Q: 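First the structure, which I've put down as structure tokens, then a few questions once you've had a look.
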Amino acid sequence: MNKRFKTTVPRWALMAGTLFLVLVVASACTNSKKAEQGATGEAGQKIKATATIGMISDIVGKVGGNHVEVTGIMKSGVDPHLYKASQGDMRKLDQADIIFYNGLHLEGKMQNILEKIGKQKPVVPVSKNIAQDQLRSGSPEMGSEHDPHIWFNVQNWMSAVETVRDELSALDAAHAEDYKANAEAYLAELRKLDAYTREQIASIPEAQRVLVTAHDAFGYFGDAYGIQVRGLQGMSTESEAGSQDVTKLRDYLVEHKIKAIFVESSVPRKAIDAVIQGAAQQGHTIKVGGELYSDAMGEEGTEDGTYVGMVKHNVNTIVKALK
């Protein structure tokens with residue numbers, strides 16, 4: 001190069017550039033360390049887990065124990081079929097180290113969001129390891145080939161517990177033994193719940209084992225515990241029950257002389273009341289057997305706000321009304 005055209009870089013510029021490079025490298029190292037600590041639970045930092053529905057939050061809290069900070073999105077009384085993510089929900093998803101959701105299109109309006117986030121961090125459907133032959137058929141209105149209400153067969157929910165255990169262990173190997181121990185304790189509790197449910201439902205005279213609810217959320221429950229299930233609406237609540245749905249269910253109740261129908265905490269009871277009124281006009285009295293938890297649990301901090309408490313509440317309510 002011709003010396004006349006050689007560019008001389010001032011010393012201050014070289015020093016500034018070097019300082020900038022050092023800061024960038026230091027920042028990258030710090031961020032990398034933070035990410036590593038967040039992913040392994042080191043340095044006293046908890047794994048940040050976000051869950052869509054309360055039943056999943058309950059699993060993650062039980063299995064994660066002291067090593068996991070659980071943030072739930074959908075609260076008591078919220079219908080996941082109709083739920084739309086808010087800006088606050090997006091922040092919860094963004095800040096999470098791992099996200100757990102039901103899958104099978106339960107969180108219909110959030111499905112695309114969760115799939116996109118799954119390209120950046122672990123986003124886990126807890127239904128993924130349930131055997132295909134244990135899944136019930138879905139319905140066209142849900143856009144899913146399988147019924148998503150898997151938690152109503154306690155044995156299915158045990159599979160979900162194992163999935164959460166394995167995913168947390170993979171993310172945070174340092175505490176894998178703790179996750180395993182927590183999961184075993186919870187699974188033992190669920191085995192007792194499964195036996196309790198089976199025993200209680202069997203105590204209802206067989207001819208009276210008909211569970212009629214606001215929407216078709218209890219199919220797994222019926223299959224697992226030997227009770228016939230009818231729903232006013234389909235598996236999804238995206239479309240309201242029409243007059244034909246009301247008439248069809250009314251006629252069924254009158255014909256079979258069924259005396260109790262159940263409302264759900266996350267579904268408006270207007271259509272159920274229409275069925276009751278229609279039956280009354282035909283001289284058949286139907287009572288509300290009680291309120292069941294279907295797509296959402298009870299209030300946080302209460303017994304019904306846990307999965308075990310929710311199932312026991314449902315079982316006890318059904319037995320009391322039908323026995």
Side-chain angles (χ1 to χ4, degrees), residues 53-54 74-84 105-109 136-144 147-149 151-152 201 204-205 207-223 225 227-299 304 310-311 313-323:
I53 60 174
M74 302 179 202
K75 304 302 181 184
S76 175
V78 172
D79 185 345
H81 300 289
L82 306 177
Y83 192 79
K84 294 181 180 178
H105 287 267
L106 177 76
E107 304 91 345
K109 295 183 181 299
R136 300 182 74 244
S137 297
S139 59
E141 76 267 18
M142 292 206 64
S144 171
D147 181 347
H149 303 94
W151 55 87
F152 280 125
I201 297 301
I204 303 171
Q208 297 166 214
R209 287 183 216 159
V210 182
L211 175 62
V212 183
T213 59
H215 86 295
D216 191 10
F218 291 85
Y220 287 104
F221 186 85
D223 290 349
Y225 304 110
I227 185 168
Q228 186 180 347
V229 174
R230 301 276 300 201
L232 174 58
Q233 293 176 253
M235 293 175 190
S236 174
T237 56
E238 280 200 73
S239 58
E240 293 185 2
S243 59
Q244 287 186 339
D245 298 314
V246 171
T247 300
K248 185 177 180 181
L249 183 58
R250 179 206 66 193
D251 292 345
Y252 174 84
L253 297 176
V254 171
E255 179 184 350
H256 292 83
K257 296 181 174 57
I258 294 170
K259 297 180 179 180
I261 190 170
F262 297 85
V263 295
E264 299 173 33
S265 65
S266 57
V267 181
R269 59 176 288 168
K270 179 181 177 182
I272 288 292
D273 288 336
V275 172
I276 294 173
Q277 292 166 10
Q281 291 171 1
Q282 295 195 9
H284 180 64
T285 301
I286 300 173
K287 68 178 182 179
V288 174
E291 183 179 70
L292 304 179
Y293 297 112
S294 54
D295 292 338
M297 302 192 300
E299 293 292 337
D304 292 355
M310 175 194 78
V311 173
H313 165 89
N314 284 352
V315 170
N316 294 339
T317 301
I318 292 166
V319 171
K320 184 179 179 181
L322 300 184
K323 194 171 180 179

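Quantities reported herein were computed from a predicted structural model and do not represent experimental measurements.
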Q: With a 4.5 Å cut-off on side-chain heavy atoms, are Val275 and Val212 touching?
A: no
Q: Working to the nearest 0.5 Å, report the span between CG of Asp223 and CZ of Phe152.
A: 13.0 Å
Q: Side chain of Trp151, backbone of Ser294: donor and acceptor closer than 3.5 Å?
A: yes
Q: Minimum heavy-atom separation for Ala321 and Phe262, please, with both atom names.
A: CB-CZ, 3.6 Å
Q: Rounded to the nearest 0.5 Å, how far apart are OG1 of Thr317 and CG of Leu211?
A: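 Reported value, rounded in 0.5 Å steps: 10.5 Å.
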Q: Quick one: sort the His215 and His149 rings into parallel, tilted or perpendicular, breaks at 30° and 60°.
A: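 Answer is perpendicular, since the angle exceeds 60°.
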Q: Take Ile318 and Phe221 through the side chain to side chain contact (heavy atoms under 4.5 Å, CB included) test and state the conclusion after the steps.
A: CA-CA 12 Å; Ile318 292 166; Phe221 186 85; 4.0 Å; yes
Q: Could you check if a side-chain atom of Ile201 sits within less than 4.5 angstrom of a side-chain atom of Val319, using non-hydrogen atoms only?
A: yes
Q: Check Thr213 against Glu264 and note the closest heavy-atom contact, atom names and distance.
A: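 Distance-wise, the nearest heavy atoms are CB-OE2, 3.5 Å.
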Q: Quick one: CD on Gln208 to CD1 on Ile258, what's the gap to the nearest 0.5 Å?
A: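 Answer for the CD-CD1 pair, Gln208 versus Ile258, is 10.5 Å.
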Q: Using a 3.5 Å distance criterion without hydrogens, assess whether the side chain of Ser76 forms a donor-acceptor pair with backbone atoms of Met297.
A: yes
Q: Could you please spell out the steps behind the side chain to side chain contact (heavy atoms under 4.5 Å, CB included) verdict for Tyr83 and Ile53?
A: CA-CA 11 Å; Tyr83 192 79; Ile53 60 174; over 6 Å; no
Q: Hey, is NZ on Lys320 packed in by over 12 heavy atoms from elsewhere, all under 6.0 Å?
A: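 Atom NZ in Lys320 is not crowded, with 12 or fewer foreign heavy atoms closer than 6.0 Å.
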Q: Okay, side chain of Tyr220, backbone of Arg136: is any donor-acceptor separation there less than 3.5 Å?
A: yes
Q: For the residue pair His256 and Tyr252, does the interplanar ring angle fall in the parallel (under 30°), tilted (30 to 60°) or perpendicular (over 60°) class?
A: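 Tilted.
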Q: Mind checking the CG-CZ spacing from Leu253 to Arg230? Nearest 0.5 Å is all I need.
A: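 Reported value, rounded in 0.5 Å steps: 8.0 Å.
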Q: Hey, could you give me the OG/NE2 distance between Ser265 and His313, rounded to the nearest 0.5 Å?
A: 8.0 Å
Q: Take a 6.0 Å sphere around CD of Gln282 and say whether it holds more than 12 heavy atoms from other residues, nucleotides or ligands.
A: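 Yes, CD of Gln282 has more than 12 neighbouring heavy atoms, counting only those of other groups under 6.0 Å.
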Q: Pick from Lys109, His105, Met74: which one makes a side chain to side chain contact (heavy atoms under 4.5 Å, CB included) with Pro80?
A: Met74
Q: Can you name the closest pair of heavy atoms from Pro148 and Leu106 and give their distance?
A: CB-CB, 3.7 Å
Q: Return the CD to CG distance between Glu291 and Asn314, rounded to the nearest 0.5 Å.
A: 9.5 Å
Q: For His284, what residues pass the ring-ring contact (aromatic ring centres under 6.0 Å, His included) criterion, not counting sequence neighbours?
A: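 Testing His284 for ring-ring contact (aromatic ring centres under 6.0 Å, His included), a comparison that skips the adjacent residues, returns none.
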Q: With distance as the sole test, does Arg209 use its side chain to make a donor-acceptor pair with the main-chain N or O of Ile204 at under 3.5 Å?
A: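 The answer is yes, because a donor-acceptor pair under 3.5 Å joins these two groups.
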Q: Could you tell me which non-hydrogen atom of Val210 sits nearest to which non-hydrogen atom of Ile227, and how far apart they are?
A: N-CG1, 4.0 Å
Q: Is Asp295 reaching over with its side chain to a backbone N or O of Asp79, donor-acceptor style, under 3.5 angstrom?
A: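 Pair absent, no side-chain N/O of Asp295 close to backbone of Asp79.
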Q: Do Val267 and Leu232 touch side chain to side chain, with heavy atoms closer than 4.5 Å?
A: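 Not touching, per the 4.5 Å side-chain cut-off.
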Q: Might you point out which heavy atoms bring Ile286 and Ala279 nearest each other, and give the distance in Å?
A: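 That would be CD1-CB, 3.4 Å.
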Q: Compare all side-chain heavy atoms of Arg269 with those of Val288 and state whether any distance is below 4.5 angstrom.
A: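 They are in side-chain contact.
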